[in-house]
Each structure stands twice: as structure tokens, then as C-alpha cells.
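Keep in mind that the numbers below use all heavy atoms, side chains included, and drop hydrogens, waters and symmetry copies. This structure is a prediction, so every number in the text was calculated from the model and none was measured.
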Amino acid sequence: MVRVTQIKLLPGHSEAELGKKTAALLGIPEQEIKTLKIVRRSVDARKKPDIFYRYTVDVAVKNEDRLLRRFRGKENQVCRVQRAVYHFPEPGKREENMPVVIVGTGPAGLFCGYFLALHGYCPILLERGKRVEERRKDVEAFWESGRLNPESNVQFGEGGAGTFSDGKLNTLVKDRDGRNGIVLDTFVRFGAEKSILYEAKPHIGTDVLTGLVSGMREEIIRLGGQVRFGSRVTDICTEEGEIRGIMVNGQERISCSRLVMAIGHSARDTLSMLYERHVPMEAKAFAVGLRVEHSQALINKSQYGRQEAGKLGAASYKVAAKAKNGRGVYSFCMCPGGYVVNASSEEGRLAVNGMSYSDRGGQNANSAVIVTVTPEDYGSGHPLAGIAFQRMLEERAYALGAGKIPVQRYGDFRRRVRGDGEESEACPEDFGQTALLEPRCRGKYQWADVSLILPQECNEAIADGMEAFGRQIAGFDRPDVCLSGVESRTSSPVRILRDEKLQSAVRGLYPCGEGAGYAGGIVSAAMDGLRVAEEIAGELAPVRGGKQEKADM
């Protein structure tokens, strides 16, 4: 297989044009290309408003060795490549009376369960919330009425917290074993567009992601697994330091010797229970901040050189800076054409997140602007001190907005943080705006002083970051930009410790995914779920010649 890079084409080109351009770059007739597969497509906007797609493709050609000799010394453009092929361990024995139990049906739990079911292990998946179809109704009712269901909301329920987000599928995790590829292939199998296999910044969107989640659940059941809703794990049962079972809803015991805890970053009560049962864990750094909204036209103008995105789709951005006080500040979970959503899961506490639908057609762009916090900021050395820190911030946000999302214009926020007496000024004249920017929220909002939510040091870092980002993206720090709080669920503030076999010191317990501190998004969580499934399958693999065998990974 030959990999070809640096292929440039205008947006709106045909598939035939890509093949023709590839053949021309290789200096061969088109008919000599047997197969062509897009590996990556990114937007090249360095000479905006003239914008191109830049492709990397893999092709099978006649006389491959002769072709590669012609490009000797130009391997950065044309080279031989061998793709990583994913292998799951060879199916082994099933323990009929001791099934694998998976707690949580976010990406980590779903992919762990799906691949175990696919290879004959018939796992039991337990979800404290509702199936995604019912969950979606509960979430929409909460956004409309403000009445929270603590067990069915943006954080809890089938699909996990990522279901009500942008559905971004990019990850920084190295993919030497083909896990990233198989995760994306699986999403395509259950209904995602094939373009996620090669887009530089792939996304699905909340509206499409819900259908994929339900499809995976139905397939797990068809393959012999179980998926149970309204099933909150309230205790674990151990004997001589090993898992022997769990209690569900305080009354039902399920026996098991392998327990995957893929609980998500908001299962605070479950983390407390595990701590009380002496499961080793530690506090870890995470990040807190505010959601920032701009007009999508402003972001398009900065990134594309024009307000209308057209075939390119709504523009995104990624920015980072170092504040004067030494704190790192950066954008997170950027949602082009999206909405700020009330992502609360506990009464009397309020958290926000960002969400986009698949068309990313909203008028505003939003992202979190967040600041790293460490255990030194939590005021305690307790492993769960980060959760207490989160709750404190969320209680402040809830009080400020009287249960609604608190929103403030950046000009007012900056004045409060800097204390310089500068008044907020309207500036709607640029980028096609005819009025002040208005928040686009799912859930009711209220104007408030969001500078009262975060510690002053974090506020100062955000103000420094906004000014730095304004030098990178014109208008980023305009006074009428909207800030919402509080962004407190960026990742888990806790890590449940595990060893090289992915097990806790409590043997048979597998901490997994984002809530356990081992992932940071949909794809990385799904990949971690795969790793755990592989480890469990490897332990159950057939024994031959006195040694347990594992397939190549």
C-alpha cells in the first residue's frame, strides 16, 4: 500500500477529481490505481479566503516497488505504509454463573460490553439512568421546566455525558494497535457518516449519536448480553481482597468475579462508596472555567476569511495561553454552531456544557475557556477533595442564577476582575451583527455576575487568556461576548488506581474510562473500554501447552 500526502483540491470537488489528482501527482495513468482510500482530510486556510481541502490517501497500484523507487528521497509525500489491523484476543471460556458486569453505558462501558458480547462473553451492563430515548425526553423537559431528574439528565443515562455534547471524535491517544480505527469503524457500522473515518476533526452531533447508542445496545442484547436500566450499584461485595459481587439499588445481589467500573466523571456517590470500601484512589488535576459564546460568523471570518462557511461547515478553533499568574488557560470542547446547555446532575448545583447538532447550524459558536486546577487548590489532601471543590463552584453558580444558567458579558466580567472601572461597550457593527450578541442556551438563563463563581486566580487567568486569544482571533475578547458558568465537569477530579493488567488492588475490579481518570473524551473512553475488554478476554483465553495464549494486539 502506498500513502500519498499533500493533495490539494477545492471544496465541492468530485470523487473522480481526487483520483485524477492523485494519479497526476504519482505520474501514472488513473487506471493503474486499483483502490483509493481517504486517510485524512483537513482544511488548509493559510491563504484565506482561498481555501483548500488537503488530503492524505492510501492507494494500491501496479508496480508498487518501481513507483516507490521514483520517489526515493520524497518519502514525506509518497511512501509505503502498513496499516494497523485491530485484533481482539481469541475467544475463550465463559463463566456461566459469574458473568462480566459492566457499570455504566457511556463510551467506555458500551465499547467494553459490545466487544465482549461480540466475542461470546454475554456481559451484563448496568446503567443507573434511562435508555437514551427516554433520557432525551427527560433532558429536554429539564431544559424547558428546570425540574431535574437526578438519575436521568445530561450526565446520567445511556450513552454517558458525551451524548449531549458535540460528539467530537478526535483524540490525542496514540493508536499503535488500531483501537481508534475500530472505534470509528464501529460508529460507522451503527449509522455515522463515513467521513468520520478521515476528517481531521470528526464529529457526529447529539442528534445522530443518540441513534448510534441505541443501536449498540440492541446489538449487545442480540448477541446474548444484558443491558439493565434504573440499576444503580450501591455496594461491592469482596472476599479476601477479590470481587465476588455487587449490590444493585440496595437490595439485589449479582455475583461476579470481574467488575468493570466505567462510571463516568459525575458518579460522585459511587466514587464515595468505592472509597469507603477501600478501593485505592487519588485526587488528580482537572480544569474549571466558563463557557464563552461568539457569533459563528465571527469565527468563520477569522478562520476562513469569510462569514459564510458554505461547504466547509461551521469553523472551529483551538487556543491556549499562559496567564500572568502562571496558570495555563485554554479552550476545551469547542462547539461550532452550538448551544450552551444546563448539564446539572445534583439538586442545588449547576454545571454547564456545550452541545452541537450534526449540522452545526446554530448562530453562535461556544467553547469552554478553562484553567487547570490541582490538588493543591482543593484545600484538602483527601482523594475526593476535587469533588468537594466542584460542588462548591456549582453551588455558587446555582445560587447566582437561581437555578438558571448565569450569564455575563465579557466586558462586565473583565471590569469586575480587573477592578478598573471600565464600562461594557456594545460593538455589534462587525461581522454582520446588527445587535448585541445573545446567548443561545438549552435551559433557561439569567444575567448575573459570573466572576463570583471561580477563585480570583482563575478569573484573572481567564481574563488574561481572553485577551491573548483576542490577538489570535479578531473579536474573541469583544465586550459583548457571553460567558456562562460554571464549566466544572471537564474531566474526573479522581483517579481510581489500577495496575498494568488494568485491575485495582481489589482484584477483579477494572477502573475504566473517564470517570476512573483514564480518558478524556468519547474516543479515548471507548478505546479504554476496548483495552479492558481485551484484558478480560485474555484472562479467559484458551489454555494450550500449559500456557495461556493471547492473540496479537
Candidate pair R498 and E535, rule salt bridge (charged side-chain N to carboxylate O under 4.0 Å, His left out), full reasoning: CA-CA 13 Å; R498 69 186 189 187; E535 197 64 42; over 6 Å; no

Step-by-step side chain to side chain contact (heavy atoms under 4.5 Å, CB included) determination, L10 to I51: CA-CA 7 Å; L10 289 169; I51 299 178; over 6 Å; no

Step-by-step salt bridge (charged side-chain N to carboxylate O under 4.0 Å, His left out) determination, K62 to E32: CA-CA 6 Å; K62 296 179 180 179; E32 288 193 18; over 6 Å; no

ring-ring contact (aromatic ring centres under 6.0 Å, His included) assessment of F469 paired with Y330: CA-CA 9 Å; F469 305 153; Y330 53 98; 9.2 Å; no

Verdict with reasoning, F332 to V369, per side chain to side chain contact (heavy atoms under 4.5 Å, CB included): CA-CA 6 Å; F332 170 79; V369 173; over 6 Å; no

Test log, rule side chain to side chain contact (heavy atoms under 4.5 Å, CB included), inputs N353 and S165: CA-CA 7 Å; N353 194 11; S165 186; 4.1 Å; yes

Side chain to side chain contact (heavy atoms under 4.5 Å, CB included) evaluation trace for L259 with C256: CA-CA 7 Å; L259 175 65; C256 63; 4.3 Å; yes

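Counting heavy atoms from C-beta outward, T186 and V183 have side chains that stay 4.5 Å or more apart. By the 4.5 Å heavy-atom criterion applied to side chains, T374 and F286 are not counted as neighbours. Two residues are said to be in side-chain contact when any heavy atoms from C-beta on lie closer than 4.5 Å; R495 and M281 fail this criterion. Between I124 and I102, every side-chain heavy-atom pair lies at or beyond the 4.5 Å cut-off. The closest side-chain heavy-atom distance from V279 to I236 is below 4.5 Å.
Put simply, the side chain of S492 gets close to the backbone of G515: a donor and an acceptor are under 3.5 Å apart. Under a 3.5 Å cut-off, the side chain of E127 and the backbone N or O of G157 do form a donor-acceptor pair. Of the possible donor and acceptor atoms, none in the side chain of R3 sits under 3.5 Å from a partner among the backbone N and O of T56. The main-chain N or O of S14 is found under 3.5 Å from a side-chain atom of E17 such that the two form a donor-acceptor pair. Side-chain atoms of S331 come within 3.5 Å of backbone atoms of V319 as a donor-acceptor pair (strictly under, hydrogens ignored). Checking side-chain atoms of S356 against main-chain N and O of G205 turns up no donor-acceptor pair under 3.5 Å. Between the E282 side chain and the L497 main chain, no donor and acceptor come within less than 3.5 Å of each other. Not a single donor-acceptor pair under 3.5 Å links the side chain of S367 to the backbone N or O of C333. In this structure, the side chain of S344 engages the main chain of A351 through a donor-acceptor pair within 3.5 Å. Under the 3.5 Å distance criterion, the side-chain polar atoms of E30 are left unmatched by any main-chain donor or acceptor of A23.
When each of Q155, E151, R489, R268 is checked for a side chain to side chain donor-acceptor pair (under 3.5 Å) with S345, only R489 meets the rule. Under the side chain to side chain donor-acceptor pair (under 3.5 Å) test applied with N366, the options E293, Q296, R291, R440 reduce to a single match, R291. Among F111, F88, Y86, F187, the one residue that satisfies the side-chain contact (heavy atoms from CB on, under 4.5 Å) test with I182 is Y86. Here the options are V532, V101, V103, L271, the test is side-chain contact (heavy atoms from CB on, under 4.5 Å), and the partner is M261; only V103 passes.
Using bins of under 30°, 30° to 60° and over 60° for the plane-to-plane angle, the ring pair F476/H294 lands in the tilted bin. The aromatic rings of H119 and F115 sit parallel, their planes meeting at an angle under 30°, below the 60° perpendicular limit.
You'll find the ring centres of Y55 and H13 inside the 6.0 Å limit. Taking the six-membered ring for Trp, Y339 and F164 have ring centres at least 6.0 Å apart. In this structure, the ring of Y510 has its center no less than 6.0 angstrom from the ring center of Y518.
The heavy-atom pair separating L223 from C122 by the smallest distance is O-SG, 4.1 Å. For the pair A525 and E514, the tightest heavy-atom approach, listed with the atom from each and the gap, is CB-N, 4.5 Å. Scanning all heavy atoms of the two residues, the minimum distance from R54 to D44 falls at NH2-OD2, 2.6 Å. Taking each heavy atom of D138 and S152 in turn, the nearest pair found is OD2-OG, 2.7 Å. Smallest separation of non-hydrogen atoms from R327 and T372: NH1-O, 3.1 Å. Here the shortest heavy-atom pairing between G354 and V341 reads N-CG2, 4.4 Å.
Counted within 6.0 Å of CD on E193, heavy atoms from surrounding residues, nucleotides or ligands total 12 or fewer; the atom is thus considered open. Atom NZ of K501 has 12 or fewer neighbouring heavy atoms from other residues, nucleotides or ligands inside a 6.0 Å radius. For K322, the NZ atom counts as loosely surrounded, since its 6.0 Å shell holds 12 or fewer non-hydrogen atoms of other residues, nucleotides or ligands. For NZ of K20, the number of neighbouring non-hydrogen atoms (other residues, nucleotides, ligands) closer than 6.0 Å is 12 at most.
For the pair K48 and Y304, the cation-pi criterion (under 6.0 Å, within 45° of the ring axis) is not fulfilled. For the pair R128 and F156, the cation-pi test (distance below 6.0 Å, angle within 45°) is passed.
Remark: E534 does not engage R531 in a salt bridge, criterion side-chain N to carboxylate O under 4.0 Å. The pair D528-R179 does not meet the salt-bridge criterion, since no charged nitrogen lies less than 4.0 angstrom from a carboxylate oxygen. At a threshold of 4.0 Å, the pair R80-D65 counts as salt-bridged, since one of the basic side-chain nitrogens sits closer than that to a carboxylate oxygen. Using a 4.0 Å cut-off between a side-chain N of Lys or Arg and a carboxylate O of Asp or Glu, K194 and D185 do not qualify as a salt bridge. For E158 and K130, the salt-bridge test fails: no basic side-chain N is under 4.0 Å from an acidic carboxylate O. The residues R258 and E539 are annotated as salt-bridged, a charged nitrogen and a carboxylate oxygen being separated by less than 4.0 angstrom.
Interatomic distance, CE of M355 versus OG1 of T163, reported as 11.5 Å (0.5 Å rounding). Rounding to the nearest 0.5 angstrom, the gap separating the CD1 atom in I38 from the OH atom in Y53 is 10.5 Å. Distance CD/Q6 to CG/N76: 5.5 Å, rounded to 0.5 Å. Taken from CZ in R136 to OG1 in T206, the straight-line distance is 10.0 Å, to the nearest 0.5 Å. Considering CD1 of I196 and CG of L169, their distance stands at 5.5 Å, rounded to 0.5 Å. Rounding to the nearest 0.5 Å places OG of S488 at 11.0 Å from CD1 of I370.
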